[in-house]
Amino acid sequence: GENVEQHPSTLSVQEGDSAVIKCTYSDSASNYFPWYKQELGKRPQLIIDIRSNVGEKKDQRIAVTLNKTAKHFSLHITETQPEDSAVYFCAASMGGSYIPTFGRGTSLIVHP
Amino acid sequence: GAVVSQHPSRVICKSGTSVKIECRSLDFQATTMFWYRQFPKKSLMLMATSNEGSKATYEQGVEKDKFLINHASLTLSTLTVTSAHPEDSSFYICSAVRTSGRDEQFFGPGTRLTVL
């Protein structure tokens, strides 16, 4: 089955800095890669996703890149703000009703 | 966006009792719903896949007789924790996949279960 590795487990940055979270996956058939943000005690919220037919996608301060050959994808957050502090999860799936596999999560702490 | 609700949000029960958690997709139909368990500062652990009108598919290591799942309609799945024990205390989250074909999962707000 699919295996998703996520690094780092904890990331501490100063407000205004950029943050990068990286994930690798094992199944070359995976073609859908969502990123979720989860605040303490709340539900995971989809913040951005990318499909295997594109290499990069951007939404304001958030961007995701995908390297299909190397089987890795990354989340980039620019101009970080304290409200960006949360746990971020990457996931990989074959789309449709295929079950996504989640990474172990990255706890992002943005210091004011 | 699509909305998924979960009820109750918090439940405290005595050891040995059963607890039912409901997951509803409020404005879309969901052929497939997932049930996750999350420990503090840990990732989402998939427990089972709930399919409308058929038996749930359980992940390895998850006891199907302890965690009963029923997906009776396209908008409702229930998870019943039977004979709960303190080690079952956890955050349980459901998610639903829209039947219309998009891949996106929509998560419920979670249920905090505490077994005394």
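Lettering follows sequence order; numbering is per chain, from 1.
Only the side chain of A:Gln38 has a heavy atom closer than 4.5 Å to any heavy atom of chain B. At a 4.5 Å heavy-atom cutoff, the contact between B:Gln38 and chain A is made by side-chain atoms alone. B:Leu44 touches chain A through backbone and side chain together, each having a heavy atom under 4.5 Å away. With a 4.5 angstrom heavy-atom cutoff, A:Pro34 does not touch chain B via any of its atoms.
Connection of B:Phe91 to A:Val87 is established within a shared hydrophobic cluster, with ILVMFWY side chains joined at heavy-atom distances below 4.5 Å, either directly or through further cluster members. Transitive grouping of hydrophobic side chains (ILVMFWY, heavy atoms separated by less than 4.5 Å) keeps A:Tyr36 and A:Ile50 in distinct clusters.
More than 12 heavy atoms of other shown residues, nucleotides or ligands fall within 6.0 angstrom of atom CG in B:Leu116. Atom NZ of B:Lys20 has 12 or fewer neighbouring heavy atoms from other residues, nucleotides or ligands inside a 6.0 Å radius. The local environment of CD in B:Glu59 is crowded, with over 12 non-hydrogen atoms from other residues, nucleotides or ligands closer than 6.0 Å. Counting non-hydrogen atoms of neighbouring residues, nucleotides and ligands closer than 6.0 angstrom, the CD atom of B:Glu87 exceeds 12 such neighbours. Within 6.0 Å of NE2 in B:His85 there are more than 12 heavy atoms belonging to other residues, nucleotides or ligands.
When atom types are taken as modelled, the side chain of A:Arg43 and the backbone of B:Phe107 share a donor-acceptor pair closer than 3.5 angstrom. Counting only distance, with no hydrogens or angles, the side chain of B:Ser43 and the backbone of A:Gly103 share a donor-acceptor pair below 3.5 Å.
In terms of heavy-atom pairs under 4.5 angstrom with chain B, the leader among A:Pro44, A:Ser9, A:Gly41 is A:Pro44.
A distance of 13.0 Å separates CZ in A:Phe102 from CE in B:Met45, rounded to the nearest 0.5 Å.
At least one side-chain heavy atom of A:Pro100 sits under 4.5 Å from a side-chain heavy atom of B:Gln105.
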